[in-house]
Amino acid sequence: MEILGYVLAAIVGISLGLIGSGGSILTVPVLVYVMGINPVLATAYSLFIVGSTALVGGVQSAIQKKVDFKTVLIFGIPSIAAVYATRMWLVPLIPKELFSIGSLVITKPIALMLLFAAVMILASISMIKSGKGTTAVNENIVMKYNYPMILLEGAVVGLLTGLVGAGGGFLIIPALVLLARMPMKLAVGSSLFIIAAKSLIGFIGDLQGSQVIDWKLLVSFTGFAVVGIFVGSWLSKKISGDRLKKAFGWFVLVMGIYIIVKEIFFPGNVTH
C-alpha cells in the first residue's frame with residue numbers, strides 16, 4: 001500500500017503539471033485511504049505537499065515571466081492570514097464529536113472528510129466546465145483590480161485551505177481571471193505562488209501544535225509529487241489540456257461521491 005501511495009503521489013504531481021490545478025485535491029484521499037493517515041493529520045501533510053509542489057511550479061512560471069507578483073501580494077496576504085489562523089486556532093477548537101444522526105456519529109475526522117468531498121465535487125464541476133467564461137479574457141487586456149472582492153476571495157480561500165488542506169487553485173484561478181481580468185496563463189502562474197505561500201505558512205501553524213509529523217513519509221511523498229510535476233509539464237506539451245481537465249474532473253467527481261458514501265455509510269477508524 002505504501003508503494004501504491006508513492007505511485008499515486010507521482011500521479012498527483014503529473015496531473016498538476018498537466019492541467020495547472022486539481023491534482024492536490026487527491027492528496028488527502030490518498031493519504032487517508034492508501035497511506036492510513038488520520039484525516040486531521042492528513043490535511044496538515046497535504047499543506048506541506050501542496051505548498052512544496054506549487055512552489056516548484058511557481059518558480060518555473062516566474063522564470064517564464066508568467067507571474068504577476070502584485071496580484072500574489074493582494075490575494076495572498078488575506079489568504080495567508082486566514083489559513084494560518086484556521087490551522088493554529090480554528091481546527092483545534094473543533095470538538096471530537098460534532099453531532100449525531102440516528103446511529104451515525106459525525107466526528108471531527110468524518111466532518112473534515114465530508115467537507116473535503118464537497119470541495120472535490122465543486123472542483124470537479126469547475127474542471128468539467130473547463131473554464132467556460134475564463135477563456136474570453138483577452139491576453140493583452142489591461143488588468144483592473146476589484147480590491148474588496150479579491151481580498152474577500154483571498155480570505156475565503158484561505159479558510160477553506162486551512163480546513164481541508166487543498167490548494168484552492170480551482171477557486172483562485174477563476175477569481176483572478178474574473179476579478180482582476182488577468183490572462184489565463186498569468187493567472188495559473190500567479191496562483192501557484194499564492195498556493196505555495198498560504199499552504200506552507202498554514203503548515204507552520206500545525207508545527208506549533210501537538211501533532212507528531214512523520215517527516216520521512218512526508219518528504220518522500222512530496223519528492224514523488226515534485227518529480228511528477230516535471231513529467232506532467234513535459235507531457236502537457238504533447239497532450240490537450242482541456243480534454244485532460246474534463247476527464248480528470250469526472251474522476252474527481254466520482255472520488256468525491258465515493259468519500260461521502262464511505263464516510264456516511266461505512267465509517268472506519270484510521271489508526272495513525
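Any value given below was found using the heavy atoms of this structure, including those in side chains, with hydrogens, waters and symmetry copies removed.
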Is [X] reaching over with its side chain to a backbone N or O of [Y], donor-acceptor style, under 3.5 angstrom?
X: S190; Y: D68; result: yes
X: S46; Y: T43; result: no
X: R87; Y: G162; result: yes
X: T53; Y: V50; result: yes
X: Y45; Y: T27; result: no

With heavy-atom distances below 4.5 Å as the criterion, would you say the side chains of [X] and [Y] are in contact?
X: I259; Y: M120; value: yes
X: L159; Y: L90; value: yes
X: S100; Y: I106; value: no
X: I229; Y: W234; value: no

ILVMFWY cluster, [X] and [Y] together (side-chain gap under 4.5 Å):
X: V212; Y: F48; result: no
X: I14; Y: V56; result: no
X: I195; Y: F69; result: yes
X: L31; Y: L4; result: yes
X: L26; Y: L163; result: yes

Taking all atoms of both residues into account, what is the closest heavy-atom pair of [X] and [Y], and its distance?
X: V28; Y: V164; answer: CG2-O, 3.6 Å
X: A82; Y: A155; answer: CB-O, 3.3 Å
X: K108; Y: P95; answer: CB-O, 3.5 Å
X: A196; Y: A54; answer: N-CB, 3.9 Å
X: T161; Y: S199; answer: CG2-OG, 4.3 Å
X: K198; Y: V83; answer: O-CG1, 3.0 Å

Y6, OH atom: more than 12 neighbouring heavy atoms under 6.0 Å: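 Counting neighbours around OH of Y6, more than 12 heavy atoms of other residues, nucleotides or ligands fall under 6.0 Å, so yes.
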
Using 0.5 Å steps for rounding, measure from the [atom1] atom of [X] to the [atom2] atom of [Y].
X: I150; Y: L176; atom1: CD1; atom2: CG; result: 7.0 Å
X: I264; Y: I110; atom1: CD1; atom2: CD1; result: 9.0 Å
X: M35; Y: L8; atom1: CE; atom2: CG; result: 9.0 Å
X: S220; Y: I49; atom1: OG; atom2: CD1; result: 10.0 Å
X: I260; Y: F116; atom1: CD1; atom2: CZ; result: 12.0 Å
X: Y84; Y: W89; atom1: OH; atom2: CH2; result: 5.5 Å

Derivation and outcome, side-chain contact (heavy atoms from CB on, under 4.5 Å), residues L112 and V40: CA-CA 7 Å; L112 286 175; V40 179; 3.7 Å; yes

From CA spacing to verdict: side-chain contact (heavy atoms from CB on, under 4.5 Å), V157, F75: CA-CA 10 Å; V157 171; F75 197 103; 4.2 Å; yes

CA sep, side-chain torsions, deciding dist, call: V59, I63, side-chain contact (heavy atoms from CB on, under 4.5 Å): CA-CA 6 Å; V59 170; I63 291 168; 4.1 Å; yes

Whether Y258 and Y33 hold their rings parallel, tilted or perpendicular, with breakpoints at 30° and 60°: perpendicular

Pair I37-D214, side-chain contact (heavy atoms from CB on, under 4.5 Å): steps then yes or no: CA-CA 10 Å; I37 307 297; D214 183 346; over 6 Å; no

